[in-house]
Amino acid sequence: MATRTRRVGLAHGGEDLLSAAVTPLACPTSAQRAARRASAVTLWFFRPFMTHVFLSSLVRRLAPCAASSAPLVPRAAAAPSTCSTLSDPARRRGTTGAAALLLACAALSCTAPAQARVKAKHPSVNVSTVLPASVMTGLARAHVPLSNISVVVEKVGDRTPIVALNAGKPMMPASTMKLVTTYSGLSILGPDYRWRTSAYADGNLDANGILHGNLYIQGTGDPKLVPEELIDLVQKIRKAGINGIDGALVLDKRYFDPSTRDLPPFDDDATAPYNVGPDPLLYAFKSLSFTLTPSPDGSVAVDVVPALAQLQIDNQLHATGGPCRGELPTPAVTPQQNGMVSASFSGDYPERCGPRTLNVAVLDHSAFFAGGFLALWEQNGGTFTGATREGPVPVEARLIATHQGPVLSDIVRDINKFSNNTMARNLFLTIGAVTSKPPATPEKSAAAIEAFLQKSGLNMEYLSLDNGSGLSRDEHITALSLADLLQAANASPVAQVFVDSLPVAGVDGTMRNRLTTQPVGGNAHIKTGTLRDVRAIAGYVASADGTSYIVVSIINDPHSEAARAAHDALLEWVYQGPSQPMQEVAEEPRAKPRKNPHKRSQH
């Protein structure tokens, strides 16, 4: 059997100190292992210089050998479980390649397939590795200790880390958790999945097109049911011959469990759009966009999108001279006794501020949807004299019209590019509703995602899902698990859609204002994550030498907001090629496993 000699480098990027004869076609036999005992002793001598994460990663990630009780056969005739070897002599690894493979097969005597392995309850990932000097400088300036940052850098297609610091430590990922939700959603539901919003009616329709009965709207959680989409349903109802409704407008919201709706806000900013929770009839993200436009005559125009049938604007603003500084006027939104809602503006508005837009989350989901639907209904000539309420569609009601929302691939793009929490939470619950019976609950969704990941070979012991958006203190994941997911996504049928959904550094989304003048701009697809005390990045970097890398870094620290420069430096270092001098650091032992809770707090 032919052999070849491979030069093997050490974990810290030093000189090649070991020559190992590697059999590329099969796991070593017992005779071969005995013949190589001297090499194994030499390898053991150098083992203290290798990173523990490399050794554990090797066992976890390399294609498994055949069971030790089965006869070893050449790769050409073997089942898929034969020992994997390196096929590209030029492939660079940040830690050892062939020597570690020899260690894995010789010392472990060829492990069983990964799916059959029994995982230790508390696997050890104590890492000794290095960070680039520019990253260390950024962390030092931000006063972030190394114990509060996790980093993984890998080549795409090579799941052995080049850099791995605190890689197995459970961290709050902020919005990088959306990568788990969107990749799972694309894989489980399919990129072409569409949500359906349907209209039903009971009662009779007279010759004038007046419905003497109720109109029912049934939602399934469309994350992007905005005016441009909902108008399609309104027009289809009109085309069905209904010109007016003298019954009730009934909203069927059974697709999501009531416990998932109208949740308390994540923080004390209850009117912030990012705090809007999920809903089966989510309309325009339950937020109003007020655009204030000053004029030289001293007036200030106030325009609002979307229109709500019950909304009235009380505009007492006055355009003034002087500099544009301080906080701009915000509306006081107040429900009236007659069912109307008043948005009142008052005070001075500096003309030099020019047009400005304020986004405000108002009302509850049902009132917001009903107001938006009826505004579009009346704009299209429809009449309505009844009341609105929630309730189920009766069995005897007849289907009038159905609107299909945008395809999931478009939804995922919006979620990841702009880090839309509400859309992510609706997608998260939809996964649970589709894979199990409605109504959706966070528990159903988490179980469905975890089952998919495990089936895909991504056994994320430390994954903890709450709402799937990252807007939670109860969601946790390790940097190594996120790197595993990015590897799997890049090799999956949804790779193109998934990668294209990530913000491009210096170009668009949440990365549009970062690294705009650096070479890495335009060459990195990076999902960002930000909470108080949390900053994270995760995605792909196409380096200057044509190699693609996976980069994950999560900071959980009170000074994380000041550490953006450290993350930018990491991305730029990877773009230039992970070969620049680095400083050695030591990682603390990983914490005990954090199990996925069955009971999930409401923030």
Side-chain (Asn275) to main-chain (Phe266) donor-acceptor, under 3.5 angstrom:
yes
Is there side-chain contact between Asn523 and Val541, with at least one heavy-atom pair below 4.5 Å?
no
Donor on one side chain, acceptor on other, Tyr283 and Asp222, under 3.5 Å:
no
Heavy-atom side-chain contact between His403 and Ser198 under 4.5 Å:
no
Does a donor on one side chain and an acceptor on the other come within less than 3.5 Å for Thr402 and Lys236?
no
Are Tyr200 and Asp202 linked by a side-chain donor-acceptor pair shorter than 3.5 Å?
no
Which heavy atom of Pro503 sits nearest a heavy atom of Lys417, and at what distance?
CG-O, 3.7 Å
Within the 3.5 Å criterion, strictly below it, is a donor on Asn416 or Thr182 matched to an acceptor on the partner's side chain?
yes
Any chance the side chains of Lys224 and Asn426 put a donor and an acceptor closer than 3.5 Å?
no
For Gly468, is there any backbone N or O sitting under 3.5 Å from a side-chain donor or acceptor partner on Glu475?
yes
Determine whether more than 12 heavy atoms belonging to other residues, nucleotides or ligands lie under 6.0 Å from atom CZ of Arg141.
no
More than 12 non-hydrogen atoms from neighbouring residues, nucleotides or ligands closer than 6.0 Å to CD on Gln235, yes or no?
yes
Interatomic spacing from CG in Leu281 to CG in Leu225 - rounded to 0.5 Å:
7.5 Å
Mind checking the CG-CE spacing from Leu502 to Met511? Nearest 0.5 Å is all I need.
10.5 Å
Taking atom types as modelled, find out whether Ser366 and Lys253 have a side-chain donor-acceptor pair closer than 3.5 angstrom.
yes
Would Asn204 and His212 count as having a side-chain donor-acceptor pair, cut-off 3.5 Å?
no
Tell me, with the steps shown, if Ser419 and Lys527 meet side chain to side chain donor-acceptor pair (under 3.5 Å).
CA-CA 8 Å; Ser419 207; Lys527 181 73 193 76; 3.0 Å; yes
Is any side-chain heavy atom of Val362 closer than 4.5 Å to one of Thr271?
no
Is a donor from one side chain sitting under 3.5 angstrom from an acceptor on the other, for Lys178 and Ser175?
yes
Using modelled atom types and a 3.5 Å cut-off, is there a donor and acceptor pairing between side-chain atoms of Asn380 and backbone atoms of Leu376?
yes
Scanning both residues in full, the closest heavy-atom pair of Thr430 with Gly221 reads OG1-O, 4.2 Å
Over 60° means perpendicular and under 30° means parallel, so tell me whether Trp377 and Phe373 are parallel, tilted or perpendicular.
parallel
Would you say that Phe256 contacts Thr441 through its side chain, given a criterion of any heavy-atom pair below 4.5 Å between the two side chains?
no
How many angstroms lie between CD1 in Ile449 and OG in Ser187, if you round to the nearest 0.5 Å?
10.5 Å
When you look at CD of Glu561, are more than 12 heavy atoms from neighbouring residues, nucleotides or ligands closer to it than 6.0 Å?
no
Does Ser184 use its side chain to pair, donor to acceptor, with the backbone of Val180 at less than 3.5 Å?
yes
Asp348 versus Thr320, side-chain donor and acceptor atoms under 3.5 Å
no
Evaluate the side-chain proximity of Leu215 to Ile237: yes if any heavy-atom separation is below 4.5 Å, no if none is.
yes
Distance, nearest 0.5 Å, that separates OG1 of Thr260 from CG of Asp279
7.5 Å
Ala343 versus Phe290, closest heavy-atom pair with distance
CB-CZ, 4.0 Å
Applying salt bridge (Lys or Arg N to Asp or Glu O under 4.0 Å), run through Asp568 and Arg514 and close with a yes or a no.
CA-CA 8 Å; Asp568 287 353; Arg514 294 175 65 172; 2.7 Å; yes
If we ignore hydrogens and angles and just use 3.5 Å, is the side chain of Thr422 paired with the main-chain N or O of Val276 as donor and acceptor?
yes
Side chain proximity check, Asn243 to Thr383, heavy atoms < 4.5 angstrom:
no
Only one of Leu486, Ile415, Ile477 forms a side-chain contact (heavy atoms from CB on, under 4.5 Å) with Leu179, so which one is it?
Leu486
Between His567 and Ser553, do the side chains contain a donor N or O and an acceptor N or O under 3.5 Å apart?
yes
Test side chain to side chain contact (heavy atoms under 4.5 Å, CB included) on Leu288 and Leu308; report intermediate values, then the result.
CA-CA 9 Å; Leu288 295 175; Leu308 300 183; 3.9 Å; yes
Would you say Ser289 and Thr357 are linked by a side-chain donor-acceptor pair, where the criterion is simply a distance under 3.5 Å?
no
Would Arg194 and Leu408 count as a side chain to side chain contact (heavy atoms under 4.5 Å, CB included) if you check the C-alpha gap in whole Å, the side-chain angles of each, and the deciding distance to 0.1 Å?
CA-CA 6 Å; Arg194 292 176 183 265; Leu408 177 57; over 6 Å; no
Nearest-0.5 Å distance that lies between atom CD in Glu378 and atom CZ in Phe384
9.0 Å
Going by heavy atoms in the side chains, are Thr291 and Leu358 under 4.5 Å from each other?
no
Rounded distance (nearest 0.5 Å) linking atom CZ of Arg352 with atom SG of Cys324
9.5 Å
Any donor-acceptor pair under 3.5 Å from Arg413 side chain to Asp500 backbone
yes
Take Ile188 and Tyr193 through the test side chain to side chain contact (heavy atoms under 4.5 Å, CB included) and record every step on the way to the result.
CA-CA 10 Å; Ile188 295 171; Tyr193 177 84; over 6 Å; no
Donor-acceptor side-chain pairing of Asp314 and Gln312 below 3.5 angstrom:
no
Can any side-chain N or O of Asp466 pair as donor or acceptor with the backbone N or O of Ser472 at less than 3.5 Å?
no
Shortest non-hydrogen separation from Pro350 to Gly322 and the atoms involved
CB-O, 4.2 Å
Taking all heavy atoms of Ala309 and all of Leu374, pick out the closest pair and write down the distance.
CB-CB, 3.9 Å
Side-chain donor/acceptor of Asp410 to backbone N/O of Asp414, under 3.5 Å
no
Could you give me the CA-CA distance, side-chain angles and deciding distance for Val135 and Glu572, then say whether side chain to side chain contact (heavy atoms under 4.5 Å, CB included) is met?
CA-CA 10 Å; Val135 177; Glu572 183 61 24; over 6 Å; no
Taking Asp206 for the side chain and Asn208 for the main chain, is one N or O donor matched with an acceptor at less than 3.5 Å?
yes
May I ask you to check whether Thr528 and Thr510 show a side-chain donor-acceptor distance below 3.5 Å?
yes
Is any side-chain heavy atom of Arg389 closer than 4.5 Å to a side-chain heavy atom of Asn214?
yes
Judged by atom type as modelled, is there a donor-acceptor pair below 3.5 Å linking the side chain of Asp508 to the main-chain atoms of Val504?
yes
Correct closest heavy-atom pair for Ala536 and Pro173 would be CB-O, 3.5 Å
